[in-house]
Structure formats: C-alpha cells, structure tokens
Amino acid sequence: MEFPLWLLDIGHDVADGFSEIRLWGIDDQGRRLMLVDRNFRPYFYLVPTDERGAEQLTAEIKGKRQSHPGIADVVVHETRFFGRPLCVVRIVCEEAANFSECVESMAKAEGVKEHLEDDLRPSYRYLLDNGLEPCGWHQVKNGKEVSRPGLRIDGIYELETAPIRVEKHIAPSLRMLSFTTVRLGGKGTPKPKTDPVVVISIATNEGEKKQFVTENRDDRQIIEEFGSYIQSFDPDLVVGYGSNTVEWPYLVERAKIHGLKLAVGRAGAEPHRSLYGHISVEGRANIDLADLAEGMPEVKVKTLWNFLGFLGVSVKEEVRLIEDFEIQKFWASIEARGELLEFAQEYASKILEAAKATMDFVMQLSSLTGMPLDYVIAAAVGFRVDSYLMRQAKRLGELIPRRFEQPYIPYRGAIVLEPKPGIHKKIAVLDFTSMYPNLMILHNISPDTLIQPESIDVEYTTIPEVGHRFRKEPPGFYKAVLSNLISVREDVKKKMAGLDPNSTEYGVLKEREKAIKVITNATYGYAGWVGARWYVREVAESTAALGRATLLKVIEMAKDMGIEIVYGDTDSIFVKYEPEAVEKLLLRTRQGLSMDVKIDKIYEPVIFTEAKKRYAGLLPNGKLDVVGLEAIRGDWANIAKTVQESVLELVLKDRSERRALEYVWKTASDVRAKKVPLREFIIWKTLTKPVGEYEARSAHVEVAKKLLSEGWDLAVGEKVSFVITKKPGKLFEKAQPYSLVTLDDIDAEYYVNSQIVPAAMRVLSVLGVSDAQLNSKEKLPSLSDFA
DNA sequence: GCCTGAATAGTACCA
DNA sequence: ACTGGTACTATTCAGGCG
C-alpha cells in the first residue's frame, strides 16, 4: 500500500528478536499509524592508519570474521572528512543490541586510527540515512499491513523501503492534550514517596476539560483514570509546563508505589527518560513548554504566567494565581479548595493555549534541524545546530566528526564603542545584516578551509590581527551550509510575499523563517563552542576579527563623510541621522565591504550614560526602547524598574527632569508609608550552582539554604525570590523568602537607597542631577525651568 | 578591632 | 549545555590606624 505520512515520532526497539525502527505518524486521512522497518542495520566507520589503507584493513577484518561474530558486512567507503577525500571502512553490524561491543572491539583492532559515526543513535541514523524529516511529509511505498494486538493505533505497516520525503510543511491537525497536577505535601516540596497527587487537570484541543480529584489522599484511582484517559483520547501531543522535571517523574513513581503501570505510550510503554533530560512517551510527542520558555530571555522568571504574558495569551482575571507554598492552605478548607481546583483547571487550559501559540515554530525547528519534535524543544541551541549540521554533512557527503573533550582557549571578540553620554536627537542605528554568517561566507571561514601553518598550496585569505589563513576555494562546509540557509530563507520570504498574511501557509512559512534565522545566527557561537562537533577555535576567532575590521571600516567611512557617531556595538553604529549622508554611507559600505547594512531603527531621542551596553530611546511610534538598564533586568525589584521606566519616559518624552524627580520622591514616600504592595519588593536571582559551592555569602543563596532546609526543592538554574527586611546585619542576613514576611517587615530604606535611587540616578545623573538634589527637595527650585 | 579602598564573586545583560 | 564584552552590587580581603 502507498500513502503519505507526517512523521511525529521515531523509536528503536527489539521485538521478537528483531531490531526494528518504528516510525509513528499520521496519514492524509488522519489515521494514526506505526510503520516498522526491520531492515535497519547499524554501522560505523573505521579510519585506517596511513600505512595500512582501507583495502588492506577491510581484507584483514574479513579474514578474521569469525572472531568478530556481530559483523554483517565490511566495505571500503570513499568519502570526505573535513573537506579532504578519505577512504574508510564501513562496518555493518548484525544487531543494534551488540553495536557498542562491536565498536569497542573493532576500534582497538590493529591498523585502526579512528572510529567515526558510532556515536549516532539508531533512530537518528535511520532518519539521517533516509533523509526523513520529523514534522515533515513522506510517501510510504509498499507498506504491508500487519496486526499487533494492544496498540493504540489505526494501522501498522511493515516497510520494505524507507519512506521518501516530500516538500510540504503544513502539519495535519493534531490531537493535543495538556495536563498539570496538584501534589499535596507535608512540609516543603511534595515528595512522591510520601505525598499523593490530589488533582490531575486536563484540557484537550477538542474542547474537553477534565479533572481527576481524590478526596482522601489515595491517588491510585486518579492515576489510573489519567492513564486511561490518555489512551482513550489518544493525543499526538502531550503538553505540560515542567512536566519533564516534575509531573512525569512524579506520576511514574506514584504509579510504581501503587503497583500500577502508567502505560500511556501508543504501544503500551511507560514514559521514560531520554536524551537531553526529556521524557519520551512512545508514539506521541511529549512536550514540556518550560523547556521552550528556558530559551526565551525576554521571559525573566520562567513561570507559566510570565510565559503567557510574553506570548500575549490572556488569563482569566478572576482566577487567582496560587503558588506552591499556598497549596496546603487552599486544600485544607472546602471553599478554598474550590478555588484551587479552578486554578488547576485554568492552568491546564493555559498550557494548551501556550502550546497552540508556539507549536508551529517548534515543528519548523524540528523539521529544519531533523530532531524529533519532543527532542528539539528540550535540546540546547548548540545541539540543534549540531543536528542541523549533521544532516548537511550527510547531504554534502562528509563524515560526521565525533564530539570530544578539548581544551578551551578563549579568544578576542567584538568591539564596543564608548557612548557619548547625554541625550541625542535623531539617531539612526545602522547595522550589518547577519554580520558573522555573511563574513564566514564572504571569506570562506570554515573548519575545512583552515590552512595549517606548514602547508600553503593554494590561494588563501589571511585574517587581519589573528593571522589565520583560509583557502578561497572550494567553498567550505560552513559556507555551503550558511549560503544554503540564507538562500532558503530568502525563498521562504518570497513565497510569503505572495500569500495572504492570515492564511495557514503564511503562518507556517513565517515560523519556518524564524527557525532558519535562529540556526543561522547561532552558527558563529556554535563554531566557538568546545562541545561542537565542528569546533575549530580559529574559525570563531577569525570571524570575530573580521567583524572588528568591518566595524572599524564603517566607522572610518562615516568619519570621512563627517557623520557623527555616538555609539556602536559589534555590528552596529549609532549615527546622527541626516538622511542623504546616511544613505550615501550605506551605499558605500555595501559596495566597499560587500556586506549588507541597513537602518535598523531611528531614535527620536536616545539617552546614553557613560556605560556601554546601556541606553534607552524613543522610537518614532513613541515606544520606549530600553537596553541593558535596570528597567529590563530581572534582578531588580519591580518598584525600582518601574521608577526607572517612568523617569526615562518623563525625561525623554516630557523633557521634564522636574517631574521625574517628583515622581521619585513620591514613590520613595509611598514606599516608606507602606503604600506599595509586597510583590513590588521581590528580587529574583538565579541559583547558578549548588548552595554548598558558593564562596561568598549572598542574599539569594542564604534564602535558598533556608528554603532547602525547610524541605523545598531548588534546582540549580532556578530563580530564588527574596525581599530585604529590617532585620539587622549584612544584606544577606536581611534577605527573607517573601512568603514568610509582611509589608511591615520590609526595609524601606534599603529599597529607596539601594534600588529606587540608583535606578533613577542612572538616568538623572547624566542630566546633571546630583544625589544631593535628589535627596533634598528644598534645594531644587531652578531645575523646573527646563528651556 | 575598626575603617577604607581594592579585589573578587556573582549575576545578567548586549550583540 | 553557542561566543566574548560589559556593568554593576555586595562581599571579602589587605593594609593603615591607633
């Protein structure tokens, strides 16, 4: 039988003694299918020593075949490695089960210099070799229908040949289920050993909302019901917020305690931990949106509510946010419990909405990088690029290097100009589009074009300052990959231009374009990451050096043309906006440097302090754009951030330092008079290592210790919230979890003197306001006359 | 032992 | 768990003083 298939999940397993690849997907009729391919044989490569050669090594291995029983085939393979032709030996194994043993024994064999591509998982190997694309469409040929009892699936097919990819990016309609749990602890974070799950809330994209609640702390039944519900609804996507770290491990352990099997996979498997710390649910995509929020720097504290705020998803006003430390209190009384249940239900519904708002992008990222949907969301940027490059290496006939420990040697990065402090009007920000990727393309900067000092054979480019040399021809790996990314992105943009912006296809293409951009822009950083498969320090170092040279040249040109420069950072310069002169500069730069520059934005006024990387300006639409300053930092109290933002608005829009000052005074007096709610004083800081490893004592660490001792779980990477109280002593002694204090405990003087005033003065001091002026209202009559 | 300025630790930002 | 460049606060350290 022949039919199209959209690929959702891929797995590898051994059934009836046969190693099999399982593809899970959906056809054009909406049938959920499992395809089984038993023809897969894992393999890897041996690089022979120079003396030995591939032919001889092959012959030797074949001769000693009896001593390597797991080997199905040994063949000489002509390929390339880091751009150079290389003749290697491909060792094909009988079974995936004894693959690693096979690798180990062969790697030690005589005449073997290196072993390659043995570090790919079978399912990934299969995707790669057959050009399959997760979240992409394929044509299945010669599928033979078979039956296996007990599977939640509309059909099972055995494959003779792998499906063939077809270009199409619109996903079928997927069944989505979101869920959350309420766990009832004794003291601190609930522990699965002793504390039950009391509520499991579910929402589906077919409009169903459901809640499993236990009245008596016995969660056996609700866990069973949850499992059955999943099986009967049979979702393609199971979405949670924190589900990889909290809900799934918790539910699995609770189930185990009751002797239950949480068989939620499509072939009856339990959720299990997989790559990148994520949890796999067989045949479905298990998505933890907290992983996605992790990669969004705009979302400072990674709560679902903040994530929703960033996505523009609204929350029911009447539903009160209930935090972990309040759960017991809410559970205890009958009325409050109703509120808790309502909250849990809303939480599940909002997870679903967040998923709807973000899944198109994640699917595009998945199809672009070749990582299965559930992996790509959990994987760090470096691994996404890695995966993308591995696919490209396959396309270009290159072997995939292994990842190995190597020394880290830092190198010089970008240039940042001294800003001219003060307020400037009409400033244009000119920046190079995709500067690093384009420099890499322009100068053919790549791991395989780098010339070793001893061998100079061809035409090359010498990089200024650092002296590294790169072959001009042929195009290197990075050049090939990056030009491809850029041209595909252009194609996508062109296609979008001819479409209705409200159409599904337009939306999909927009997300695809975003995904391409993310990967393109991450490539330079990837090149300088020691964990990268294609890590070569000289590549990153040279790119940065070219970036510096490029920026310096534009600065030179601008100066020659008499254009005033007020600031610049890495790939941008901020210049006085005189349209004709600036247009001319753009033109000259494009011609002179073969790099595209454009006006990124215009600040009607912009204010700089003496510090680099910190400024704020007004855009033509009147929007305040704050960069680097406290107002946008996650580790300042809200009250200080709001004050700074207002000061900026008053100074830039109203041009009134007087009103700005008055605003600061008013706020300070409100703070002292306890007229400001407690939450405005909360400060958040990330715990970057285990509490025991800190050398200095600091507020967030002391608070973390306290919470830990009270039984609360705090993982490295989490943000700790605290407020500064009137307790005497050092700051770290004054800090308390905000859940334990009231407004009366707040140290108003700290917030005024160390939060509000510094944040306000950061801006006001540029305009000549002194601390003394800010502190004493009387001495300020003349300031109001701002001409 | 107290005070002060310099050095260090720690965090979050920009591009 | 993509890079280097940067600002900034609070703690800690080192040295002067008495």
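None of the values given here were measured: they were computed from a predicted structure. Every chain is numbered from 1, with letters handed out A, B, ... down the list of sequences.
- The salt bridge (charged side-chain N to carboxylate O under 4.0 Å, His left out) check on A:Lys598 picks up A:Asp431, with sequence neighbours excluded.
- Pairs passing the salt bridge (charged side-chain N to carboxylate O under 4.0 Å, His left out) check and including a residue from residues 405-417 of chain A, sequence neighbours excluded, read A:Arg412-A:Glu465.
- A heavy atom lying under 4.0 Å from DNA chain C marks the following residues of residues 528-557 of chain A, by number: A:Gly528, A:Trp529.
- Using the six-membered ring where Trp is involved, A:Trp529 and A:Phe383 have ring planes that are perpendicular, over 60° apart on the 30 and 60° scheme.
- Among residues two or more places apart in sequence or in another chain, the side chain to side chain contact (heavy atoms under 4.5 Å, CB included) test is passed with A:Ile423 by A:Pro605, A:Ile607, A:Val651, A:Leu652, A:Arg655, A:Leu767.
- Using a 4.0 Å heavy-atom cutoff across all strands shown, A:Tyr411 reaches sugar-phosphate atoms only and no base atom.
- Across all strands shown, A:Arg384 has no heavy atoms under 4.0 Å from either base or sugar-phosphate atoms.
- Shown here are the ring-ring contact (aromatic ring centres under 6.0 Å, His included) partners of A:Tyr436, two or more places apart in sequence or in another chain: A:Tyr524.
- Using a 4.0 Å heavy-atom distance criterion, A:Gly525 is classed as a base contact.
- The closest side-chain heavy-atom distance from A:Thr449 to A:Ile445 is not below 4.5 Å.
- Every residue two or more places apart in sequence or in another chain was checked for a ring-ring contact (aromatic ring centres under 6.0 Å, His included) with A:Phe732, and none qualifies.
- The stretch residues 513-542 of chain A participates, sequence neighbours left out, in these salt bridge (charged side-chain N to carboxylate O under 4.0 Å, His left out) pairs: A:Asp119-A:Arg533, A:Asp386-A:Arg533, A:Arg489-A:Glu513, A:Glu511-A:Lys514, A:Arg537-A:Glu541.
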Determine all donor-acceptor pairs shorter than 3.5 Å in which one atom belongs to a side chain in residues 289-301 of chain A; sequence neighbours excluded.
| residue | atom | partner | partner atom | Å |
| --- | --- | --- | --- | --- |
| A:Asp291 | OD2 | A:Asn244 | ND2 | 3.1 |
| A:Lys300 | NZ | A:Ile632 | O | 3.0 |

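- Using a 4.0 Å heavy-atom distance criterion, A:Tyr408 is classed as a sugar-phosphate-only contact.
- Scanning DNA chain C 5' to 3' for nucleotides with an atom closer than 4.0 angstrom to a non-hydrogen atom of chain A gives a first and last hit of C:dA1 to C:dT12.
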Just the table, please: protein N/O against nucleotides 8-15 of chain B N/O, every pair under 3.5 Å.
| residue | atom | partner | partner atom | Å |
| --- | --- | --- | --- | --- |
| B:dG10 | OP1 | A:Glu695 | N | 2.8 |
| B:dG10 | OP2 | A:Lys689 | NZ | 2.9 |
| B:dT11 | OP1 | A:Thr686 | O | 3.1 |
| B:dT11 | OP1 | A:Tyr694 | OH | 2.8 |
| B:dT11 | OP1 | A:His700 | NE2 | 2.4 |
| B:dT11 | OP2 | A:Thr688 | OG1 | 2.2 |
| B:dA12 | OP1 | A:Thr686 | N | 3.0 |
| B:dA12 | OP1 | A:Thr686 | OG1 | 2.7 |
| B:dA12 | OP2 | A:Thr686 | OG1 | 3.0 |
| B:dA12 | O4' | A:Arg633 | NH2 | 2.8 |
| B:dC13 | OP1 | A:Lys300 | NZ | 2.9 |
| B:dC13 | OP1 | A:Ile632 | O | 3.4 |
| B:dC13 | OP1 | A:Gly634 | N | 2.8 |
| B:dC14 | OP1 | A:Gly628 | N | 2.7 |
| B:dC14 | O2 | A:Lys613 | NZ | 2.8 |
| B:dA15 | OP1 | A:Tyr615 | OH | 2.7 |
| B:dA15 | O3' | A:Asp571 | OD1 | 2.2 |
| B:dA15 | O3' | A:Asp571 | OD2 | 3.4 |

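- Taking the side-chain hydrogen bond (donor to acceptor under 3.5 Å, both in side chains) definition, one finds that A:Trp248 meets it with A:Asn286, sequence neighbours left out.
- Toward the 5' end of DNA chain C, the nearer of the two residues A:Leu731 and A:Glu418, judged by each one's closest nucleotide, is A:Glu418.
- For A:Ile682, the side chain to side chain contact (heavy atoms under 4.5 Å, CB included) criterion is met by A:Arg679, A:Trp684, A:Ser721, A:Val723, A:Tyr738, not counting sequence neighbours.
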